[in-house]
Amino acid sequence: MTTSHPKHSAKGYAERVVAGDRRALSRLISWAENGNRSFPEALEALYPSIGQAWRVGITGPPGAGKSTLVNELALALRSTQFGQREVGILAIDPSSPFTGGALLGDRIRMEELTGDKHVYIRSMASRKSHGGMARAGVDACDVMDAFGMERILIETVGVGQAEYDVMGACDTVVVVMCPGAGDGVQAMKAGILEVADVLVVNKSDQAGAERLADDLSEAVHTRAIRSDEWLSETGDAWSVPVVLASAGKGENIDKVLEAVAAHRAMLASRGANGLEDARRKKRVAQVRRVVDEVLDERVWSTAELGEHVEDALAKGATAYGVANEVVDQLLGAGALAKTSNKPSANK
Ligand SMILES: Nc1nc2c(ncn2[C@@H]2O[C@H](COP(=O)(O)OP(=O)(O)OP(=O)(O)O)[C@@H](O)[C@H]2O)c(=O)[nH]1
Ligand SMILES: [Mg+2]
């Protein structure tokens with residue numbers, strides 16, 4: 001490529017990134033992180049080179065083993081079995097007190113990889129937050145993509161709004177759980193299943209792992225039936241695989257990568273719009289979950305409605321009858337009629 005821009009200009013950095021210059025890569029990611037005013041210009045220059053990477057989001061409750069898994073996944077991706085891919089790792093360091101010390105731990109575990117020039121590891125601070133982190137994370141992925149990373153692994157903790165936004169920009173989202181602490185049921189309530197393309201039950205060496213995997217399989221199956229009715233026009237809904245693994249012991253890491261590859265192949269089989277459609281559907285599912293929650297909270301926030309229901313039941317109305325009457329009142333009979341061909345929003 002011909003370098004036609006000054007080395008330290010936005011376009012100059014962009015050219016260097018595309019040419020494989022690691023210092024320029026680090027610089028532009030810092031720009032993304034700091035919200036440097038020159039970053040948009042650099043990003044624009046990178047656009048033609050973006051779109052080759054497969055972005056794999058890794059999320060889940062604190063301590064589930066995400067970093068350990070990312071480490072193992074990267075090692076596996078660097079092996080011949082998975083085609084010796086160029087790997088970019090973005091660890092989005094949450095400012096939460098839970099994980100304050102995790103970054104150092106991450107560095108130590110990832111040390112095995114740092115001698116490998118085909119692996120690029122970067123942490124980003126999320127302290128500024130408020131949408132800023134999500135944006136910066138996605139921007140950083142774009143820079144790595146333009147650089148030529150074939151696989152990008154992005155670790156975030158939990159399911160806050162910013163994490164949702166980062167995961168929403170990933171091609172495949174792996175949700176990592178483990179027995180004990182971050183209980184499966186809690187995670188489901190937090191809507192973590194809505195973003196998962198692959199579920200990993202990590203720490204398979206610990207008691208309760210199989211039980212958790214069974215519970216999650218069941219929950220995923222139930223959800224698939226529900227969302228099929230209204231989300232899948234094509235009928236080829238992805239059923240989220242649940243993979244039991246131990247990142248700590250390096251067990252079943254290949255199974256996790258195979259599940260990611262299967263998800264990728266499924267999207268590819270849907271043609272050019274497959275990925276875009278999948279992302280759109282995920283966002284719709286997220287909105288739907290929030291609507292469910294907000295409605296539930298608002299509708300039942302006062303004692304009034306509960307009392308009304310009790311009265312009606314006492315007067316001999318059926319539960320179904322009362323429920324319908326309540327919904328009619330809330331939505332207006334017309335609104336309900338209009339949506340009656342869609343499944344109800346029950347959980
Ligand atoms: N028994 C067991 N422990 C594991 C396994 N995988 C990871 N761990 C341990 O679990 C702890 C947390 O692992 P991390 O990889 O830091 O977890 P994380 O989800 O990245 O944690 P945060 O980033 O702090 O949310 C560490 O002490 C790991 O050694 C496993 O398969 N089995
Ligand atoms: Mg971690």
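Atoms within a ligand are numbered from 1 in the order they appear, just like the ligands themselves. The residues of the chain are indexed from 1 along the displayed sequence.
- At a 4.0 Å heavy-atom cut-off, ligand 1 touches T68 through backbone and side chain alike.
- Within a 6.0 Å radius of CZ in R122, other residues, nucleotides and ligands contribute more than 12 heavy atoms.
- With ligand atoms numbered from 1 in the order given, ligand 1 contributes 5 (C), 6 (N), 30 (C), 31 (O) to contacts under 4.0 Å with heavy atoms of G248.
- Side-chain atoms of S26 never come within 3.5 Å of backbone atoms of R23 as a donor-acceptor pair (strictly under, hydrogens ignored).
- Side-chain atoms of W54 and T172 form a donor-acceptor pair, as typed in the model, at a separation below 3.5 Å.
- Taking the Mg ion (ligand 2) as reference, the nearest N/O/S atom within E155 carries the name OE2.
- Here R264 does not pair with D197 in a salt bridge; the nearest charged N to carboxylate O distance is not below 4.0 Å.
- Here L69 has no heavy atoms under 4.0 Å from ligand 1, in either its backbone or its side chain.
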Decide side chain to side chain contact (heavy atoms under 4.5 Å, CB included) for L46 and F147; before the verdict, give the C-alpha distance in whole Å, the side-chain angles of both, and the deciding distance to 0.1 Å.
CA-CA 9 Å; L46 291 175; F147 179 84; over 6 Å; no

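- Taking backbone and side-chain atoms together, S67 has an N/O/S atom less than 2.8 Å away from the Mg ion (ligand 2).
- S246 and S204 form no side-chain donor-acceptor contact under 3.5 Å, judged by distance and modelled atom types alone.
- For ligand 1, the atoms lying closer than 4.0 Å to a non-hydrogen atom of Q206 are 1 (N).
- Any N or O atom pair closer than 3.5 Å counts here, and A245 shares no such pair with ligand 1.
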So H8 and R16, side chain to side chain contact (heavy atoms under 4.5 Å, CB included) or not? Walk me through it.
CA-CA 10 Å; H8 299 289; R16 287 163 60 193; 4.1 Å; yes

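- Not a single N or O atom of K249, backbone or side chain, sits closer than 3.5 Å to an N or O atom of ligand 1.
- Hydrophobic clustering (side-chain heavy atoms under 4.5 Å, transitive across Ile, Leu, Val, Met, Phe, Trp, Tyr) keeps V138 apart from L25.
- Residue E155 places a heavy atom less than 4.0 Å from ligand 1.
- Residue-ligand proximity, S246 to ligand 1, at heavy-atom distances under 4.0 Å covers atoms 30 (C), 31 (O), 32 (N).
- Below 3.5 Å of separation, one finds an N or O of A247 facing an N or O of ligand 1.
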Can you give each donor-acceptor pair under 3.5 Å made by side-chain atoms of residues 306-315, sequence neighbours left out, with the distance rounded to 0.1 Å?
{"from": "H308", "atom 1": "NE2", "to": "E325", "atom 2": "OE1", "distance (Å)": "3.4"}
{"from": "H308", "atom 1": "NE2", "to": "E325", "atom 2": "OE2", "distance (Å)": "3.3"}

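- Remark: ligand 1 and P62 share no N or O pair separated by less than 3.5 Å (distance only, no angle test).
- For S204, no nitrogen or oxygen atom sits less than 3.5 Å from a nitrogen or oxygen atom of ligand 1, counting backbone and side chain alike.
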